[in-house]
Amino acid sequence: MTLDDFRESLTAAEPPAELTLALSGLWSDAKGDWTRAHEAAQQDEGRDGAWVHAYLHRKEGDESNAAYWYGRAGKPVCRQSLDAEWLSIVRALLR
């Protein structure tokens with residue numbers, strides 16, 4: 001799936017079945033459903049899920065929880081805008 005395909009899928013009611021849990025979380029976040037996004041990130045126990053989890057807690061404003069999840073993901077705490085971070089994560093996970 002390309003970035004354009006991912007963005008186009010945001011017009012649908014449900015995420016594409018082939019998305020990983022981490023990407024499904026970012027898809028739900030883009031649709032404005034933080035709770036569903038968080039649930040998807042929590043189900044992915046790997047680094048990708050931890051990275052999305054970190055982003056979501058940063059978006060929520062819970063910096064200390066976000067920092068914990070960035071550590072679990074092996075990533076530095078992000079200082080980009082939330083939109084830029086979302087895009088960076090999507091691009092990385094689509095590869």
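Scope of the values below: all heavy atoms of this structure, side chains included, with no hydrogens, waters or symmetry mates. Just so it is clear, the structure is predicted and the values come from calculations on it, not from any experiment.
R47 approaches G74 most closely through the heavy-atom pair NH1-CA, 3.3 Å. Considering every non-hydrogen atom in both D33 and R36, the closest pair reads OD1-N, 3.0 Å. Across every non-hydrogen atom of W27 and P16, the tightest pair is NE1-CD, 3.9 Å. The minimum heavy-atom distance linking A41 with L56 is given by the pair CB-CD1, 4.1 Å. Of all heavy-atom pairs between A54 and A66, the closest is O-CB, 3.5 Å. Residues L19 and F6 come closest through the heavy atom pair CD1-CE1, 3.9 Å.
W69 and W86 fall into different hydrophobic clusters, where Ile, Leu, Val, Met, Phe, Trp and Tyr side chains are chained together by heavy-atom contacts under 4.5 Å. Y68 and I89 sit in two unconnected hydrophobic clusters of ILVMFWY residues. Membership requires side-chain heavy atoms under 4.5 Å apart, directly or through other members.
Remark: E8 CD is loosely packed, at most 12 non-hydrogen atoms of other residues, nucleotides or ligands lying under 6.0 Å away. Other residues, nucleotides and ligands contribute at most 12 non-hydrogen atoms within 6.0 Å of the CD atom of E45.
To the nearest 0.5 Å, atoms CD (Q42) and CG (D44) are separated by 11.0 Å. Taken from CD in E85 to CH2 in W51, the straight-line distance is 7.5 Å, to the nearest 0.5 Å. For the atom pair CD (E60) and OH (Y55), the distance works out to 12.0 Å, reported to the nearest 0.5 Å. Separating the OH atom in Y70 from the CD atom in E63 is a distance of 8.0 Å, to the nearest 0.5 Å. Between the OG atom of S28 and the CD atom of E14 there is a distance of 8.0 Å, given to the nearest 0.5 Å.
Using modelled atom types, one side-chain atom of K31 and one backbone atom of A12 make a donor-acceptor pair closer than 3.5 Å. Distance alone, capped at 3.5 Å, places no donor-acceptor pair between the S24 side chain and the L21 backbone. Using modelled atom types, no side-chain atom of D29 and backbone atom of L26 make a donor-acceptor pair closer than 3.5 Å.
Using a 4.5 Å heavy-atom cutoff, the side chains of T11 and S9 are not in contact. A heavy-atom distance below 4.5 Å is not found between the side chains of L94 and D5.
For the pairing with H38, the side-chain contact (heavy atoms from CB on, under 4.5 Å) check across K59, Q43, H53 returns one residue only, H53.
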